[in-house]
Peer 1: 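Structure in structure tokens, see below.
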Amino acid sequence: MKITTFIAGAMIASGFATSLYAATAYQNQVGFLTNGQKQMAVVDVEGKDILFKDESGTVALTVTAPKAETWIPAGDTAASLVDFSELKTAGTYQAYVGDEKIGHPIHIADDALEGAAKASLKFFYYQRASMELTEEFAGQWAREAGHPDTAVAYHKSTGHDRMVEPKIASPKGWYDAGDYGKYIVNSGITTYTLLQLYQHNKEYFKKTSLNIPESKNEIPDLLDEIKWNLDWMLTMQDSDGGVFHKLTTLKFVGTVTPLKASSTQRYVIGKAEEATLNFAAVMALASEIYQPYDPEFSQKCIDAAQRAYMWADDHSGEVYEQPSDVSTGSYTGSRPATTRFWAQTEIYRVSKDPKFEALLKKTTIRTANVRIPSWQDSYMLGVYNIATNPDIFDANQVDSAKTLVINSANKFIATLENNGYGVALDKGDFYWGSNGVASNKAVILLHAYILTKEEKYLNAANSIVDYILGRNPIDKSYLTGYGVNPTMNPHHRPSQSDSIEAPVPGMVAGGANASATDCAKAYNNPDAVARSYYDNSCSYATNEVAINWNAPFAYAINSIQAIAATSTSYDITEKPVVNYELTPIVAKRALRVAPADNKRLIVRGNKVQLEFTKNGVKSYLNVNGKQIH
Ligand code: 9MR
Ligand code: 9MR
């Protein structure tokens with residue numbers, strides 16, 4: 001595996017030879033925290049002694065394998081969940097049954113997850129549009145800049161007349177996934193999840209370097225990275241407050257580098273409720289987070305949030321519909337009511353505006369029936385916000401929100417209790433992006449931990465991280481560049497089009513999907529859904545990467561590492577530091593009015609021209625829409 005040679009710290013240095021039984025034990029292939037939970041799923045060992053030997057061959061711990069249990073997503077092969085948490089001395093170990101080695105080397109350290117955790121964030125740097133990635137930061141994955149996006153066309157679905165206003169500048173941002181599109185709805189939940197990661201682990205991230213171009217400035221690297229995308233999102237807001245749905249080509253481009261793909265014309269497409277509300281929620285949280293570092297930017301974010309909310313208020317029910325000439329990702333079919341609720345909670349939290357308080361009072365927070373956050377459904381994001389801000393929201397609502405988070409987490413724990421893999425995933429979780437589903441379950445579990453400080457929630461989240469890193473029935477680390485048997489062929493245009501064997505590191509593959517209709521169809525396994533995976537770049541339905549799957553995984557693995565490193569976790573009694581003056585929303589309604597009539601026909605010489613004024617600058621177009629001067 002060539003990859004081992006170039007990712008410093010990513011692989012476990014090991015003198016152990018591979019064993020005949022290597023794959024009968026399934027485990028996190030990257031590492032375990034010295035004082036954390038440590039488990040592996042082992043087939044065919046019920047009642048036998050598992051020996052854990054250190055590098056000198058000395059037995060450091062013996063565990064008798066418990067009763068083998070099935071786990072429905074893994075099919076009928078039962079496994080014993082072997083817990084070796086008592087191994088609390090840093091080092092590299094190997095498990096044995098008698099003289100037989102089982103599983104992969106076990107790496108234990110205080111910072112065992114740090115490399116993979118940082119890589120899962122560094123992924124976002126690799127996804128940057130409009131920027132060259134230099135060797136200093138990107139190593140062998142250095143590449144030319146792609147998609148300056150300074151001359152993006154207005155698609156007619158935006159309501160803009162291209163004759164009048166031909167182009168918009170909308171640079172920066174992260175590519176969504178294996179394709180080069182930038183989609184607000186998906187960017188929103190991603191950005192929010194990463195902002196929360198920072199919010200919940202501030203001290204840790206003030207000291208964490210990601211080796212990105214901004215690493216030397218005064219702002220934590222994680223916030224620098226997120227700002228790359230916020231800057232783009234801000235350009236997607238139209239002058240009336242509405243937010244364009246996406247920025248893509250009309251059709252997916254081929255498997256080419258970002259630079260080569262850039263020659264195909266891109267468009268801003270659609271302007272609708274779900275993107276606008278999503279944007280509002282994200283900008284409200286951003287206004288709080290960036291306030292200590294950049295008050296001006298912070299103010300810009302909250303203003304943008306308020307204008308977006310007002311637009312959405314006036315355009316309720318106007319959801320995005322994919323135009324017939326567009327076939328890039330549609331991100332349609334979400335539930336805007338959940339996004340509206342989420343936006344209300346965020347704007348209220350930072351503005352304390354009575355209008356939002358009144359709106360929220362009308363909402364009854366459910367206390368049961370978990371809903372896993374996704375680009376389609378933002379309900380839990382609003383619930384997180386209420387549950388973790390008892391000093392701001394209505395006491396009854398805070399109680400309900402906490403109850404829902406904890407009930408959801410308890411339900412997950414019930415799932416893992418009688419399964420040999422110890423993973424809180426059900427058969428129904430294995431659809432497109434199952435690793436994102438799994439990771440968002442870990443985010444819910446970590447919120448339950450924040451609210452209760454009960455270890456069982458932290459451990460269950462840790463088990464999900466273990467699942468992604470190899471404790472699964474196909475012995476796969478779904479994090480590129482990390483583990484003994486990682487994903488090697490993701491559907492990811494930059495990785496597919498460079499000449500490097502190893503994919504860009506730190507990417508989480510979409511994961512097992514029992515209803516793939518692409519080239520992974522032959523791998524659909526209804527009796528063992530967790531095996532429905534094909535490590536081939538032709539499979540976007542099981543092996544694409546995406547920002548909205550990396551973000552919750554990054555939240556989980558970084559939070560777990562941060563909690564261990566700082567011996568503390570987010571304290572919900574901390575007051576958020578928002579101390580700027582907000583103009584009341586009502587006064588801002590004026591902003592909703594579109595700028596004064598900015599186009600008129602004029603006659604020059606014997607030619608009819610269109611005079612177009614933007615920001616006080618006039619330009620002239622001929623009857624064919626060509627700019628004259
Ligand atoms: O590359 C595209 C990926 O990002 C999407 O998730 C996927 C589903 O919409 O589509 C991929 O593009 C494929 C297209 O749908 C059909 N022609 C082949 C494209 C590349 O595999
Ligand atoms: O994550 C999206 C998944 O929920 C949908 O089922 C799927 C098909 O519409 O699309 C996924 O999103 C893709 C988007 O449309 C285009 N960029 C790549 C995304 C990840 O595959």
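Whatever order the structure lists them in is the order used to number ligands and atoms, beginning at 1.
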Peer 1: Determine whether the side chains of S439 and W549 contain a donor N or O and an acceptor N or O closer than 3.5 Å.
Peer 2: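 No donor-acceptor contact under 3.5 Å links the two side chains.
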Peer 1: Should we count CD1 of I413 as having more than 12 external heavy atoms under 6.0 Å?
Peer 2: yes
Peer 1: Applying the side-chain hydrogen bond (donor to acceptor under 3.5 Å, both in side chains) test to N548, which of N186, D176, N440 qualifies?
Peer 2: N186
Peer 1: Extract all N/O-N/O pairs under 3.5 Å that connect ligand 2 to the protein, and present each with both atom names and the distance rounded to 0.1 Å.
Peer 2:
residue, atom, partner, partner atom, Å
ligand 2, 4 (O), W375, NE1, 3.1
ligand 2, 12 (O), Y331, OH, 3.4
ligand 2, 17 (N), D176, OD2, 3.0
ligand 2, 17 (N), D179, OD1, 3.0
ligand 2, 21 (O), W432, NE1, 3.1
ligand 2, 21 (O), E544, OE1, 2.9

Peer 1: Would K172 count as a cation-pi partner of W228, with NZ or CZ less than 6.0 Å from the six-membered ring centre and within 45° of the ring normal?
Peer 2: yes
Peer 1: Using a 6.0 Å distance limit plus a 45 degree cone around the ring axis, check whether R371 lies over the aromatic ring of Y379.
Peer 2: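 Pair R371/Y379 counts as cation-pi.
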Peer 1: Parallel, tilted or perpendicular for H160 and F244, by the 30°/60° rule?
Peer 2: perpendicular
